[in-house]
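Just so it is clear, the model here is predicted, and its values are computed rather than measured. What's counted below: heavy atoms across the whole structure, side chains too, no hydrogens, waters or symmetry copies. By convention in this document, chain letters (A, B, ...) are assigned in the order of the sequence lines, proteins followed by strands, and residues within each chain are numbered from 1.
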Amino acid sequence: MPTPSPSPSPADSSSSPSAIAPSSVKILLNATEAAPEVLVQGWVRTKRDSKAFSFIEINDGSCLKSIQVVADAVLPNYQSEIVHLHTGAALAVRGELVASQGQGQAWEIVAREVTVYGNADESYPLQKKGHTPEFLRSIAHLRPRSNLFGCVFRVRSRLAYAVHQFFQERGFIYVHTPIITGSDCEGAGEMFRVSLSGGGNGNTNGDGSNTKPGDAKKEPEAAEEFFGRPTFLTVSGQLEGEAFACALSNIYTFGPTFRAENSHTTRHASEFWMIEPEMAFCNLAGDMDLAEEMVKYLVTDTLEHCAGDLELFGKFVDKDLHNRLNFVRERPFARVSYTEAIGILQSSGKTFEYPVAYGLNLQSEHERYLTEQHFKCPVTVHDYPKEIKPFYMRLNDDDKTVAAMDVLVPGIGEIVGGSQREERLDLLEKNLAHYGLDEADYSWYLDLRRYGSVPHAGFGLGFERMLMFVTGVPNIRDVIPFPRVPGWAEF
RNA sequence: UCCUGCGUAGCUCAGCGGUAGAGCGGGUGGCUGUUAACCACUAGGUCGUUGGUUCGAAUCCAACCGCAGGAGCCA
């Protein structure tokens, strides 16, 4: 990794910080003994001055905590630079790691040399005090420097690693399904059209506010299309994933997906990451087992590897976080059929805003009742009426339900949606016709049933929703580095 | 897209018919092995925009804009 080449400030033109290798704050705070010379690089979180010296807290993002630096007034650039440092300034400090005389920390650095890479002026927007998430969203480029967002994005990194680890340990093959796709009607929601800038632009966005009346229905000519056909940003890699599962047996995808839906909620974003395993020779029961195992695995991994960050969430974001995570880790998930779930809701004695009846979708309030009040743990609901599920799900022998399943978790609702796929060619063709889909658009998908078809199953897990669940952060916009939602794509 | 709420200093908010306030942050000075440090002084605002009601509007009304929460859709 290349080290930045410091440009020494005029007041300290003597040298670069040192030839010694820098240590992260995390490593220094976990030291077991004092060290005569260490180098740390990071950003000023706070500074407290006295006449004879300053205390500077430096954070480098390696962990939640900052390290305290004692900068004596005899340092050559003390008056010219150090006393003028603001929160946000970038520094390198070379000095001695010693046991702290103060109460708040075990170790501190007595500075021998402080190199100011870049000061920050008084307009630096982050204060020591707490900020609202709304304000921090408006400075998405600076918010990773706050305690909360540093924790969120460290956990995000670890969680992504754990996803790969989970599947790789089990022999799943990672498949990169396309981001630009020609499949335009998977029933997964509105899509973003991909077009050349400056022309040939089809607006599939629903409201059509910018479309001239005469052009409202006009699709770009095929010749204008870069790909020779309409293309979109993917809403799911599932269909392509099925193709690979029908060759490599167990696969997973993990990548960005896009939805052009005009939803304004704390759980929806226009761009988000999804994990989609697909298993050949697998039925719905195996699918549910994997989903449950995975959720538990990710929760356990986070508890074991992100303890410091989770502490902050438990303290400031969600006081019940640790209870909930430990509960999910230890207890089996409840598992009920859709029919049973309807029965539970009907005999609950609760009055719901939306009606509960067989054949109707479970609403948010129903899902929340099941997981938060009735079972008080994650719930897998399976075997839904075929009418309320997409064309590719496998018809059960009762001819009324399909082999679908959703995992519901407290606080979030649906976190996993999956199914066993219809592997029988004739039934799949019937479904396409029933849903009004053109068989020609799915010829390659039907080929998977023509040649060596097998029972197979998979699911989709929203990565950000999982992240919300393990951190307790209540808004999806605060677990994505630069979130995209309707009307907002800054940065 | 629908419903609800909120837009006052850099940030968080109070003021809710009579001419702009606090805390934090910033600046200056002081003090202290400090740790969301402390003490004193100080700068900082077309009260979201436009229009209306009124002798007078941050305050009441309307429209618009922005943000947030809930619903639907879903992950």
Query raised in the report: For C6(B), what is the paired nucleotide under Watson-Crick or G-U wobble rules, both distances under 3.5 Å?
Result: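 C6(B) is paired with G66(B).
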Requested in this report: Quick one: look up who G51(B) pairs with, Watson-Crick or G-U, both distances under 3.5 Å, and put none if it's unpaired.
Outcome: C61(B)
Nucleotide nearest [X] (side chain, heavy atoms from C-beta), chosen from [options]:
{"X": "Glu261(A)", "options": "C73(B), G69(B), A68(B)", "result": "C73(B)"}
{"X": "Arg477(A)", "options": "C67(B), A68(B), G72(B)", "result": "A68(B)"}
{"X": "His268(A)", "options": "C73(B), G27(B), A68(B)", "result": "C73(B)"}
{"X": "Phe135(A)", "options": "C11(B), C67(B), C73(B)", "result": "C11(B)"}

Requested in this report: For Tyr354(A), report the nucleic acid contact type (base, sugar-phosphate, nothing); a contact means any heavy atom under 4.0 Å.
Outcome: sugar-phosphate
Query raised in the report: In chain order, what residues pass the ring-ring contact (aromatic ring centres under 6.0 Å, His included) check against Phe172(A), with sequence neighbours excluded?
Result: Phe167(A)
Report summary line: Heavy-atom contacts, protein to nucleotides 30-36 of chain B, under 4.0 Å, summarised as B (base), S (sugar-phosphate only) or - (none) per nt, yield -SBBBBB
Requested in this report: At under 4.0 Å between heavy atoms, which parts of nucleotides 38-43 of chain B does protein reach? Answer with one letter per nucleotide, 5' to 3': B base, S sugar-phosphate only, - none.
Outcome: ------
Query raised in the report: What about the rings of Phe463(A) and Phe254(A), do their centers lie closer together than 6.0 Å?
Result: yes
Query raised in the report: So, do Tyr174(A) and His176(A) have ring centers that fall under 6.0 Å from each other?
Result: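 Between Tyr174(A) and His176(A), the centre distance is under 6.0 Å.
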Query raised in the report: Donor-acceptor pair under 3.5 Å: do we get one between His131(A)'s side chain and the base of C11(B)?
Result: no
Query - Over 12 non-hydrogen atoms of neighbours within 6.0 angstrom of CZ in Phe352(A) - result: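 Counting neighbours around CZ of Phe352(A), more than 12 heavy atoms of other residues, nucleotides or ligands fall under 6.0 Å, so yes.
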Hey, are [Y] and [X] close enough side-chain-wise for a donor-acceptor pair under 3.5 Å?
{"X": "Tyr252(A)", "Y": "Gln168(A)", "value": "yes"}
{"X": "Gln68(A)", "Y": "Arg48(A)", "value": "yes"}
{"X": "Ser236(A)", "Y": "Glu276(A)", "value": "yes"}

Report summary line: Rounding to 0.5 Å, atoms CG (Asp406(A)) and CD (Glu414(A)) come to a distance of 4.0 Å
